[in-house]
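Here the structure is laid out as structure tokens; the discussion comes afterwards.
Because only heavy atoms are used, hydrogens play no part in the values below, and waters and symmetry mates are left out as well, while side chains stay in. Each chain gets a letter, A, B and so on, in the order its sequence line appears, and its residues count up from 1. Keep in mind that what you see is a predicted model, and the values were worked out from it rather than measured.
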2 protein chains.
Amino acid sequence: MVHCVNESYHHGDLRRALIDAAVEAIAEGGPSTLSLRAVAKRAGVSHAAPAHHFGDKAGLLTAVAAEGHDRFADALERVWEATGDFAEVGVAYMRFAIDNRAYFETMFRPELLHEGDPELARAEARSRATLYRGTGGADADGHVYRASALAAWSLVHGFTELLMGGNFGPEVAEDPEGVLRDIGSRLRL
Amino acid sequence: MVHCVNESYHHGDLRRALIDAAVEAIAEGGPSTLSLRAVAKRAGVSHAAPAHHFGDKAGLLTAVAAEGHDRFADALERVWEATGDFAEVGVAYMRFAIDNRAYFETMFRPELLHEGDPELARAEARSRATLYRGTGGADADGHVYRASALAAWSLVHGFTELLMGGNFGPEVAEDPEGVLRDIGSRLRL
DNA sequence: GCGTAAATCTTGACACTGTCAAGACATGGC
DNA sequence: GCCATGTCTTGACAGTGTCAAGATTTACGC
């Protein structure tokens with residue numbers, strides 16, 4: 001039995017295609033301007049198909065955020081295994097945000113998501129646990145609490161958010177990695 | 001000639017009333033769920049009145065952001081004059097975000113604003129200048145560049161964003177000022 | 001193999017949204 | 001007193017999320 005992808009009534013993996021389409025759309029206009037109908041058009045299906053798969057708009061964004069947290073955890077883990085260096089994990093944090101803007105922006109916008117979603121909670125806990133391995137203190141729920149870990153997370157996250165919001169001048173925007181390494185080195189752990 | 005506020009065709013200070021209504025609405029659902037028609041209803045005017053005053057939805061949000069930056073600068077200036085302490089300015093930064101959530105969220109969401117708006121640019125520059133006085137390095141456009149200033153700003157901003165996004169456990173959320181003072185003291189300036 | 005239940009996707013409708021043009025009304029200058 | 005200007009309303013339009021109902025395909029028990 002051949003799985004006829006892309007032509008018949010059943011799509012094959014529409015869920016996957018819808019998430020990809022959503023990520024593309026988010027990359028262009030941000031998570032808040034996402035339109036379910038535009039996503040449907042992009043994926044070549046009817047206007048109500050996305051809502052069927054994800055319940056509602058927040059459901060689609062929640063799926064994007066969950067996948068983002070998984071990819072995020074992957075990226076941080078890779079760097080930690082390779083270097084064993086806190087600072088490099090921080091740089092990877094920022095790099096992920098720059099290279100995966102759509103995912104990153106969606107991940108940190110809780111008012112657009114279904115907060116209680118178990119899949120999102122699992123992925124969040126995983127990315128927190130990865131951060132924990134790098135910075136050193138979290139409880140069972142993945143809540144970071146040790147002051148040194150909080151300081152590092154806050155510094156890297158704040159720098160990343162300000163950078164992506166266009167709050168820095170060209171001196172900083174041209175070499176964000178170098179600047180982040182510099183300011184990171186000013187933190188007593 | 002009596003200025004008949006609140007009853008006749010002309011409103012008196014509808015612009016003011018619309019901004020206040022917008023801030024209320026944003027406080028309830030965030031800037032991205034703001035509805036011009038809901039704002040109009042709240043202010044007791046017709047559905048198209050807000051667009052007349054602010055051009056479009058982004059125009060209203062831009063006005064809110066500009067006013068937010070002014071209030072923000074006021075708050076930081078007060079603390080700096082009173083204490084002359086960097087760390088206390090950082091705490092005031094976070095306090096403002098908590099106490100004026102609607103303003104703060106709108107201020108740092110450039111994709112919803114008219115970036116080129118002169119009034120917004122003026123207010124932004126003012127709040128940057130205030131930050132500069134506290135942390136120590138900015139160019140003529142108000143772009144902070146000195147590493148120590150960047151580090152402090154990033155740390156405080158990141159902590160604030162993570163806190164408001166619900167990313168911390170109860171240990172931190174119960175006494176954010178204390179925690180921020182603690183992690184702030186770990187920064188070599 | 002077959003028939004029925006379930007899953008997947010479409011269609012059509014509804015209330016709501018931002019935006020625009022045209023009109024109603026009030027105010028200020030002459 | 002009259003006209004021009006600014007303020008606000010009204011009505012319309014296309015686009016949005018969401019829901020119910022229908023069409024179509026797959027999966028499963030027998």
Side-chain angles (χ1 to χ4, degrees), chain A residues 1-22 24-26 28-65 106 109 111-114 117, chain B residues 1-22 24-26 28-65 106 109 111-114 117:
Chain A
M1 62 165 77
V2 181
H3 271 246
C4 42
V5 184
N6 236 350
E7 51 162 317
S8 83
Y9 209 88
H10 280 43
H11 182 282
D13 198 356
L14 183 53
R15 184 189 159 87
R16 175 76 263 143
L18 287 172
I19 291 181
D20 290 339
E24 283 181 36
I26 295 169
E28 291 168 12
S32 48
T33 72
L34 181 79
S35 150
L36 285 186
R37 294 175 112 106
V39 167
K41 189 169 292 182
R42 218 184 268 260
V45 291
S46 82
H47 60 152
H52 173 265
H53 273 263
F54 300 98
D56 56 2
K57 189 169 162 178
L60 173 54
L61 286 169
T62 300
V64 171
T106 308
R109 204 135 295 175
E111 77 273 17
L112 302 179
L113 311 177
H114 285 146
D117 184 85
Chain B
M1 63 165 75
V2 181
H3 272 246
C4 40
V5 186
N6 237 351
E7 52 162 317
S8 84
Y9 208 88
H10 281 43
H11 182 281
D13 198 355
L14 183 52
R15 183 188 159 87
R16 176 75 262 142
L18 287 173
I19 291 181
D20 290 340
E24 283 181 37
I26 294 169
E28 291 169 11
S32 49
T33 73
L34 180 80
S35 151
L36 286 184
R37 293 175 112 104
V39 167
K41 188 169 292 183
R42 218 183 268 257
V45 291
S46 82
H47 60 119
H52 174 263
H53 273 264
F54 300 98
D56 56 3
K57 188 170 164 178
L60 173 54
L61 286 169
T62 300
V64 170
T106 308
R109 205 134 296 175
E111 79 273 16
L112 301 179
L113 311 176
H114 285 147
D117 184 85

Could you state the [atom1]-[atom2] distance from [X] to [N], rounded to the nearest angstrom?
| X | N | atom1 | atom2 | answer |
| --- | --- | --- | --- | --- |
| B/Leu34 | D/dT16 | CG | P | 19 Å |
| B/His52 | C/dG18 | NE2 | P | 17 Å |
| A/Leu14 | C/dC9 | CG | P | 5 Å |
| B/Arg42 | C/dT17 | CZ | P | 12 Å |
| A/Lys41 | C/dT10 | NZ | P | 14 Å |
| A/His114 | D/dG17 | NE2 | C1' | 12 Å |
| A/Leu60 | D/dG17 | CG | C1' | 12 Å |
| B/Leu61 | C/dG18 | CG | C1' | 12 Å |

Exercise. Is any side-chain heavy atom of B/Leu112 less than 4.5 Å from a side-chain heavy atom of B/Leu34?
Worked result: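 The answer is no; the side chains never approach within 4.5 Å.
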
Problem set entry | Validation row: A/Ile19, A/Phe54 side chains within 4.5 angstrom (heavy atoms) |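 The answer is yes, as the side chains (C-beta and beyond) meet within the 4.5 Å cut-off.
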
Problem set entry | D/dT7 phosphate, OP1 or OP2, under 4.0 Å from B/His53 side-chain N/O |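 For D/dT7, OP1/OP2 do not have a side-chain N/O of B/His53 under 4.0 Å.
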
Problem set entry | B/Ser35 vs C/dG18: side-chain N/O to OP1/OP2 distance below 4.0 Å |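 Checking C/dG18 against B/Ser35, a side-chain N or O does come within under 4.0 Å of OP1 or OP2.
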
For this session: Any chance you could lay out the side chain to side chain contact (heavy atoms under 4.5 Å, CB included) test for B/Arg37 and B/Arg42, step after step, and finish with the verdict?
Result: CA-CA 9 Å; B/Arg37 293 175 112 104; B/Arg42 218 183 268 257; over 6 Å; no

Problem set entry | Residue met sooner reading DNA chain D from 5', once A/Gly55 and B/Ser46 are mapped to nucleotides |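 Between the two, 5'-proximity favours B/Ser46.
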
Report the nucleotide, chosen from [options], that has the shortest atom-to-atom distance to any side-chain atom of [X].
| X | options | answer |
| --- | --- | --- |
| A/Val45 | C/dT10, D/dT9, D/dG17 | C/dT10 |
| A/Ala48 | D/dT10, D/dC19, C/dG18 | D/dC19 |
| A/His47 | D/dG17, C/dA13, D/dG11 | C/dA13 |

Exercise. Under the 3.5 angstrom rule, does the side chain of B/Thr62 hit a backbone N or O of B/His114 as a donor-acceptor pair?
Worked result: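 Yes, the answer is positive, given that a donor and an acceptor are paired below the 3.5 Å cut-off.
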
For this session: Confirm from the modelled atom types if A/Arg37 and D/dG17 form a donor-acceptor pair under 3.5 Å, side chain to base only.
Result: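 Donor-acceptor pair under 3.5 Å: yes.
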
Exercise. Can you find a side-chain donor-acceptor pair between B/Arg15 and B/His53 that sits under 3.5 Å?
Worked result: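 No, B/His53 and B/Arg15 have no side-chain donor paired with an acceptor closer than 3.5 Å.
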
